Amino acid sequence: MRSHYCGKLTTQEVGQQVTLSGWVNRRRDLGGLIFIDLRDRDGIVQVVCDPDLKALFDVAYTLRNEFCIQIKGEVRARPDTQVNKDMATGAVEVYASELTILNKSAPLPLDFNHENSEEQRLKYRYLDLRRPLMSERLKFRAKVTSFVRNFMDSQGFLDVETPILTKATPEGARDYLVPSRTHKGQFFALPQSPQLFKQLLMMSGLDRYYQIVKCFRDEDLRADRQPEFTQIDIETSFMTSEQVMAVTEQMVHQMFNELLGVDLGTFPQMPYWEAMRLYGSDKPDLRNPMQFVDVADLLKDVEFKVFSGPANDPKGRVVALKVPGAAEKVSRKDIDNYTSFVGIYGAKGLAWLKVNDISAGADGIQSPVAKFLTPAIIVDILQRTSAQTGDLIFFGADSYKVVCEAMGALRLKLGDDLKITQPGWKPLWVVDFPMFEENDDGSYSAVHHPFTSPLEPQAFLETPNTDLKLGALLSNAYDMVLNGTELGGGSVRIHTAEVQAKVFTLLGISDEEANEKFGFLLEALKYGAPPHAGLAFGLDRLVMLMTGATSIRDVMAFPKTATAACPLTDAPGAANPQQLAELGIQVITKA
């Protein structure tokens, strides 16, 4: 039904007879001629309908946006004065000789010339995807997956599928459960990742595995989260963390070079604790040069409890964030807005200090908290932050977690608002993550997952449990970060039953529970399991970043809303009584 794609026509086709099929992007009636912008997957081309061809012209007159049509005609070069340099096909047009309406379109529920609500866009996603922007993003996504497959194949990795109906694994979110008809009262879980299966593949001797795989997590959603998402999953045997990082860095480096023409340069490595100390984040955006400065030691003895309380609390933190040249740019109203902003992250307030004259020391600053600070402390803060005249300093004082999250978010917002964050690309590896994190009740949980190896497994195994300081233990884990986005994370895995059993014990997982949940893994570890390591990239996040989209929903064909619903299909929906009876399930509705 067509000989060419619309967006592929160039001056090389001038004089040729072509057949095109697509949608009416726009119809214009000018000076007796009708011009149709015909659109398909690959682009738009201008079609000219001449009134001398009356039957064709009469049909063209009835066309409306999104009519599906077929055009036959001759490719002609546009006059030099009419070349449209903003269009890939702007040097040519098609002089129509035949026009067939393949299907009419009802009035559109979406306005392609204005912003539509996300609910509307997802309800009529098949129309939304016709937009060139959305089409280009999905085409780019296809290029990324094709590149990944070619690269992994070239490196000797095998594409192996793992089960979707499986058993729950501890990945940090709720599982989606699937009831079993043949085993009433029992459930499968949709995988949050193929973690255990890819480890089993290494124990099976497959050596190098990869998979572009669907994963499922029932968690609160945001711009870079979806209940079902796609991972580029990678696992290797007999490779160190440095080797895994090297091959995956090579893949991403070549991907950006080939698909975007971007050279990412070197990927520096930064320990987790340094990232948290300087940026309050384990995925710092290095395009923003602002850094935290710890000042708790200077404020322990001040009468201002907002500062001295956290400064004397082992679990507290007090930091200063210098904003260069912002004293005149940021008004009191702006500061009030920033105070409300950090409140979203649990901060109770936002202290600040403006440097009007650095040479005047404590007399050259303006701050509502200055009355609580001695001149010597003010001078020490100015010196430690390397403040200059015209700078603005914000303070975060609270629990370690609140300060990192609130001030980390403030740092990013200030970077955007004041144009401090520079354009371009800044990759890095964050390494040496803590192995465990303390919960509010004093128990511990795994930072990544309980199959992550300690950085020094032999010392870990030999140290009595009572002598281990869980909060200080480091894991052999690593995250690739780009422009403040975690592209992927991985680790060296535990490959001995002894280390795995000890980790379960420290996490409060009993032998009975471990055998119930992971008995097959523990059994497999007994039979010559090789050292292995891996990494998983978030494909959706990667494509979002590379295309400049602001949400992973805009690089997925049929995503869910922020409430994990699908307006297009009205999913999730109720099951009929017969289905529920077969599954042995009774639905209890809240009153």
Side-chain angles (χ1 to χ4, degrees), residues 115 118 222-225 275-295 306 317-358 365-370 381-382 384-398 401-428 481-486 541 544-554 562:
E115 289 294 322
E118 186 174 63
R222 57 191 185 199
D224 60 351
R225 283 182 179 173
M276 299 303 292
R277 179 177 66 84
L278 295 177
Y279 307 105
S281 171
D282 60 2
K283 48 181 187 294
D285 188 345
L286 298 186
R287 297 173 303 163
N288 181 335
M290 293 188 292
Q291 297 179 346
F292 294 173
V293 175
D294 284 290
V295 292
V306 170
R317 190 178 187 190
V318 185
V319 302
L321 179 66
K322 182 187 72 174
V323 189
E328 297 297 325
K329 298 177 183 177
V330 177
S331 66
R332 281 300 303 269
K333 182 179 179 181
D334 293 331
I335 292 176
D336 290 341
N337 290 335
Y338 288 131
T339 301
S340 299
F341 175 76
V342 297
I344 298 171
Y345 301 89
K348 302 177 185 66
L350 184 64
W352 56 273
L353 181 155
K354 287 187 175 182
V355 185
N356 296 324
D357 182 3
I358 191 66
I365 64 100
Q366 173 190 353
S367 172
V369 300
I381 290 172
L382 295 176
R384 186 170 294 186
T385 59
S386 301
Q388 301 295 322
T389 298
D391 291 347
L392 171 63
I393 300 173
F394 285 112
F395 296 91
D398 212 302
K401 182 175 185 291
V402 168
V403 168
C404 288
E405 291 183 356
M407 297 302 288
L410 178 64
R411 171 182 171 272
L412 295 178
K413 184 168 178 56
L414 288 166
D416 290 338
D417 291 351
L418 302 179
K419 305 296 186 290
I420 294 172
T421 301
Q422 299 299 308
W425 304 93
K426 288 286 187 178
L428 80 153
V481 177
L482 181 62
N483 291 4
T485 296
E486 178 195 330
R541 288 184 187 179
M544 177 186 74
L545 200 63
M546 295 180 77
T547 59
T550 57
S551 166
I552 63 171
R553 292 190 287 273
D554 284 337

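Everything numeric here is computed off the predicted structure, so don't read it as measured data.
- With D294 as the fixed residue, the side chain to side chain donor-acceptor pair (under 3.5 Å) test singles out one of R277, R317, R384: R317.
- Minimum interatomic distance between I365 and A370 (heavy atoms only, all atoms of both residues): CD1-CB, 3.7 Å.
- Looking at every heavy atom in both residues, A387 comes nearest to V355 through CB-CG2, 4.1 Å.
- Between atom CG of residue L286 and atom CG of residue L428 there is a gap of 5.0 Å, rounded to the nearest 0.5 Å.
- With rounding to the nearest 0.5 Å, the separation of OG in S281 from CE in M276 is 6.5 Å.
- N288 places no side-chain N or O within donor-acceptor distance of the main-chain N or O of N483, the cut-off being under 3.5 Å.
- A heavy-atom distance below 4.5 Å is found between the side chains of I381 and F395.
- Judged by distance alone, with hydrogens and angles left aside, the side-chain atoms of R411 form a donor-acceptor pair with the main-chain N or O of D285 at under 3.5 Å.
- At least one donor-acceptor pair closer than 3.5 Å links the side chain of Q422 to the backbone N or O of I420.
- Here the side chain of D554 pairs no donor or acceptor atom with the backbone of S551 at under 3.5 angstrom.
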For D391 and I358, run side chain to side chain contact (heavy atoms under 4.5 Å, CB included): C-alpha distance rounded to whole Å, both residues' side-chain angles, the deciding distance at 0.1 Å, then the answer.
-> CA-CA 9 Å; D391 291 347; I358 191 66; over 6 Å; no
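- Heavy atoms of other residues, nucleotides or ligands lying less than 6.0 angstrom from NZ of K426 number 12 at most.
- Interatomic distance, CD1 of I335 versus CG of L392, reported as 5.5 Å (0.5 Å rounding).
- Side chains of L410 and L350 form a contact here, defined as non-hydrogen atoms less than 4.5 Å apart.
- Across L321 and Q291, no two heavy atoms sit closer than the pair CD1-O, 3.6 Å.
- Considering only residues two or more places apart in sequence or on other chains, Y338 meets the ring-ring contact (aromatic ring centres under 6.0 Å, His included) condition with none of them.
- Counting heavy atoms from C-beta on, the side chains of I552 and R541 come closer than 4.5 Å.
- For D334, the side-chain hydrogen bond (donor to acceptor under 3.5 Å, both in side chains) partners are S331, not counting sequence neighbours.
- Note that CG of L418 and NZ of K329 are 6.5 Å apart. Values are rounded to the nearest 0.5 Å.
- Interatomic distance, CH2 of W352 versus CD of Q366, reported as 4.5 Å (0.5 Å rounding).
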Could you check F394 against L414 for side chain to side chain contact (heavy atoms under 4.5 Å, CB included), going step by step and ending with a plain yes or no?
-> CA-CA 11 Å; F394 285 112; L414 288 166; 3.9 Å; yes
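- K322 contributes a side-chain N or O that, together with a main-chain N or O of S386, makes up a donor-acceptor pair within less than 3.5 Å.
- The backbone N or O of G349 lies less than 3.5 Å from no partner atom in the side chain of T339, so there is not a single donor-acceptor pair.
- Checked by atom type and distance alone, the side chain of K348 never pairs as donor or acceptor with a backbone atom of D398 at under 3.5 Å.
- The two residues A320 and I393 make their nearest non-hydrogen contact at CB-CG2, 3.9 Å.
- Smallest separation of non-hydrogen atoms from V369 and A351: CG1-CB, 4.0 Å.
- Once rounded to the nearest 0.5 Å, the distance linking NZ of K413 with CG of N337 reads 8.0 Å.
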